[in-house]
Amino acid sequence: MKVPIDTLSDDEILTLCDLHLSDDEQRELSALLARQREGALDDSARRHLDELMGVYRRGMLQKAEALKVAVERGLRPPLE
């Protein structure tokens, strides 16, 4: 079960605000996207790209929700 972000501590919120893919995941994602543009992905690589994109999207959603809460709590300034 997913814990609602607005119930997390300030420190946990700030950690989520700074969430990003690891360097290895970022390199792998970039390489897979380049291979996709070239039309060079097999089924296995395509599934792996889909998995990494899912991780990326979920992370970005969590990051956005955490930033909203951080601004509401006065932990971060609003984005301009």
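The closest donor-acceptor contact from the side chain of R46 to the backbone of L41 lies under 3.5 Å.
Considering CZ of R27 and OG of S22, their distance stands at 8.0 Å, rounded to 0.5 Å.
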Side-chain atoms of residues 52-67: list all donor-acceptor pairs with protein atoms under 3.5 Å, sequence neighbours left out, distances to 0.1 Å.
from : atom 1 : to  : atom 2 : distance (Å)
R58  : NH1    : G54 : O      : 3.3
K63  : NZ     : L19 : O      : 3.2

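Residue I5 comes nearest to I13 through the heavy atom pair O-CD1, 3.2 Å, listed as atom of the first residue, atom of the second, then distance.
Using a 4.5 Å cut-off on side-chain heavy atoms (C-beta onward), L29 and E25 make no contact. In this structure, the side chains of L49 and R35 stay at 4.5 Å or more apart for every pair of heavy atoms.
Just one residue in the list L32, D43, D42 forms a side chain to side chain contact (heavy atoms under 4.5 Å, CB included) with H48, and that residue is L32.
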Step by step, would you call E72 with D6 a side-chain contact (heavy atoms from CB on, under 4.5 Å)? CA-CA 10 Å; E72 290 171 354; D6 62 351; 5.9 Å; no

side-chain contact (heavy atoms from CB on, under 4.5 Å) between E28 and D24, worked out: CA-CA 6 Å; E28 194 170 6; D24 287 342; 5.8 Å; no

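The residues R47 and E51 are annotated as not salt-bridged, no charged nitrogen and carboxylate oxygen being separated by less than 4.0 angstrom.
A side-chain donor from one of S9 and E12 sits under 3.5 Å from a side-chain acceptor of the other.
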